[in-house]
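Both backbone and side-chain heavy atoms feed into the values below; hydrogens, waters and symmetry mates do not. Since this is a predicted model, take the numbers as computed values, not measurements.
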Amino acid sequence: MKFTKMHGCGNDYVYVNCFEEKMKDPSKVAEFVSDRHFGIGSDGMICICPSDKADFRMAMYNSDGSEGAMCGNGVRCIAKYVYDYGLTDKTRITIETKGGIKELDLTVEDGKVALVKVDMEAPITEAAKIPAIYDDLEEIVDQPIIVDNKGYHITCISMGNPHGVVFVDSVDSLDLEKIGPKFEQHPMFPDRVNTEFVEIVDENTIKMRVWERGSGETLACGTGACASAYASYLNKKTGNKVLVHLLGGDLQIEYDQEKHTIFMTGPATKVFDGEIELPKEIG
């Protein structure tokens, strides 16, 4: 199977052009290629597929083989792939995801995509649509939660996938390997949850670490950055436009109040092309 390794702010995936490549069991392939010792090594696998609703379709799989709905860093990398590899010559494209159809604007430098701006659409705060369960609340904003015998406050948002945003004094001092899985598996989230831990730097800047369901801690999460920025705005900790510092780089997130939509702008980087021999039972 031919593939391309790419990353957005260190959030790395194996990208497969499914206009050309076929596989029997994408979930098992994702688990196989993601292994950082016996496979290629990645946070998961993203398939670039034909769509009858948009220019392209994204099928995203986490490193444990579970299928995700949306990946902000991944969708930017798809935009770079389809332009740089000649699948399109347009600098504004649409990509179908399980979290909706996304519109992307491409910034091209020397014939290659350098930056991608994504309309991530409206943030969802209705608890039932996230889904999240907290008494009979329709929205979960700044609500107390006990995890591992410690109290936190959480704000729940969907960006096509579920997020729980927790504000902390310092993201650097967190033992994420310990508390991350306990947030992910908390009974208030029937489909598990991506958890963002956010430190407010100033009204225009935040720092974020993320524990992603199915992948663990990653260097960046685009939808998580959007959820964190909106949660910061909702809780009156920042304005509507913030720079998000992630372990793998920075993303610019802007909430447009008039359109009630979130725009994410960030880089997309190719690492290398390759081929891998898949086990017959999954390939």
Side-chain angles (χ1 to χ4, degrees), residues 1-8 11-34 39-40 42-108 111-121 158-161 214-215 222-223 261 264 266-283:
M1 182 182 77
K2 292 181 180 179
F3 68 90
T4 299
K5 178 79 177 285
M6 304 180 78
H7 76 85
N11 190 195
D12 61 334
Y13 286 87
V14 170
Y15 291 79
V16 180
N17 179 354
C18 289
F19 287 81
E20 299 177 356
E21 300 289 337
K22 307 295 180 188
M23 60 192 91
K24 295 176 186 175
D25 190 338
S27 293
K28 291 292 186 183
V29 173
E31 196 173 359
F32 175 76
V33 301
S34 297
I40 299 162
S42 65
D43 291 327
M45 180 179 74
I46 291 178
C47 300
I48 305 167
C49 309
S51 171
D52 56 6
K53 300 175 182 176
D55 293 317
F56 302 95
R57 179 173 64 86
M58 175 175 84
M60 173 219 169
Y61 299 87
N62 297 307
S63 58
D64 67 353
S66 61
E67 188 171 2
M70 172 57 187
C71 173
N73 291 310
V75 81
R76 292 200 317 277
C77 288
I78 288 180
K80 178 174 175 63
Y81 184 100
V82 296
Y83 185 92
D84 290 3
Y85 285 82
L87 276 67
T88 185
D89 59 1
K90 299 192 295 184
T91 55
R92 172 170 285 187
I93 63 170
T94 55
I95 297 179
E96 177 190 352
T97 77
K98 284 202 166 188
I101 294 176
K102 308 302 178 188
E103 295 183 355
L104 301 90
D105 289 301
L106 286 54
T107 299
V108 178
K112 303 286 185 182
V113 171
L115 280 176
V116 181
K117 182 178 181 179
V118 188
D119 183 346
M120 298 290 286
E121 300 184 302
S158 173
M159 293 299 307
N161 49 3
S215 293
T223 56
T261 192
M264 172 188 64
T269 305
K270 171 188 168 182
V271 185
F272 63 88
D273 294 313
E275 284 188 14
I276 188 168
E277 186 171 336
L278 299 176
K280 290 182 180 179
E281 62 270 18
I282 64 172

Is the closest basic N to carboxylate O distance between R92 and E103 below 4.0 Å? no
Is any side-chain heavy atom of M58 closer than 4.5 Å to a side-chain heavy atom of K102? no
Applied to residues 69-87, the salt bridge (charged side-chain N to carboxylate O under 4.0 Å, His left out) test, sequence neighbours excluded, yields K80-D84
Between atom CD1 of I48 and atom CZ of F19, what is the distance when rounded to the nearest 0.5 Å? 8.5 Å
Set out, in order, the CA-CA distance, both residues' side-chain angles and the distance that settles side-chain contact (heavy atoms from CB on, under 4.5 Å) for M45 and M23, then state yes or no. CA-CA 12 Å; M45 180 179 74; M23 60 192 91; 3.7 Å; yes
Pair T261, D119: side-chain N/O donor-acceptor within cut-off below 3.5 Å: yes
Please list, chain by chain and in numerical order, all residues satisfying ring-ring contact (aromatic ring centres under 6.0 Å, His included) with Y81, sequence neighbours excluded. Y85
Could you grab the distance from atom CD1 of I40 to atom OG1 of T4, nearest 0.5 Å is fine? 10.0 Å
Check step by step if side-chain contact (heavy atoms from CB on, under 4.5 Å) holds for M120 and T223. CA-CA 8 Å; M120 298 290 286; T223 56; 3.6 Å; yes
What pair of heavy atoms forms the shortest contact from Y61 to C47, and how long is it? CE1-SG, 4.2 Å
For a quick test of reading the model, state the closest non-hydrogen atom pair linking P50 to C18 and the distance between them. CD-O, 4.4 Å
Side-chain (N62) to main-chain (D64) donor-acceptor, under 3.5 angstrom: no
Checking V82, I101, L104, V118 against I95 for side chain to side chain contact (heavy atoms under 4.5 Å, CB included), the one that qualifies is L104
What's the shortest heavy-atom distance between V16 and F3, and which atoms? CG2-CB, 4.5 Å
Criterion side-chain contact (heavy atoms from CB on, under 4.5 Å) on V29 and M1, from CA distance to verdict: CA-CA 10 Å; V29 173; M1 182 182 77; 4.1 Å; yes
So I276 and L278, do their side chains get closer than 4.5 Å, heavy atoms only? yes
Do the non-hydrogen side-chain atoms of C71 and N11 ever get within less than 4.5 Å of each other? yes
Do any N or O atoms from the side chain of S34 and from the backbone of A30 form a donor-acceptor pair under 3.5 angstrom? yes
Working to the nearest 0.5 Å, report the span between OH of Y13 and SG of C77. 9.5 Å
side-chain contact (heavy atoms from CB on, under 4.5 Å) between L87 and N17, worked out: CA-CA 10 Å; L87 276 67; N17 179 354; 4.3 Å; yes
Inspect the surroundings of CD in E281 and state if more than 12 heavy atoms from other residues, nucleotides or ligands are less than 6.0 Å away. yes
With the side chain counted from C-beta on, respond yes when T97 and M60 share a heavy-atom pair under 4.5 Å apart, and no when they do not. no
Under-4.0 Å salt bridge between D273 and K2: no
Is there side-chain contact between M264 and M159, with at least one heavy-atom pair below 4.5 Å? no
Excluding sequence neighbours, so at least two apart, what forms ring-ring contact (aromatic ring centres under 6.0 Å, His included) with F32? none
Would you indicate whether the side-chain heavy atoms of S42 and D12 approach each other to under 4.5 Å? yes
Closest heavy-atom contact between S51 and K53? OG-N, 3.0 Å
So which atom in L106 and which in K90 form the shortest heavy-atom distance, rounded to 0.1 Å? CD2-O, 3.9 Å
Hey, does the side chain of D55 reach the backbone of T94 with a donor-acceptor pair shorter than 3.5 angstrom? yes
Where do G214 and S63 come nearest, in terms of heavy atoms and distance? O-OG, 3.2 Å
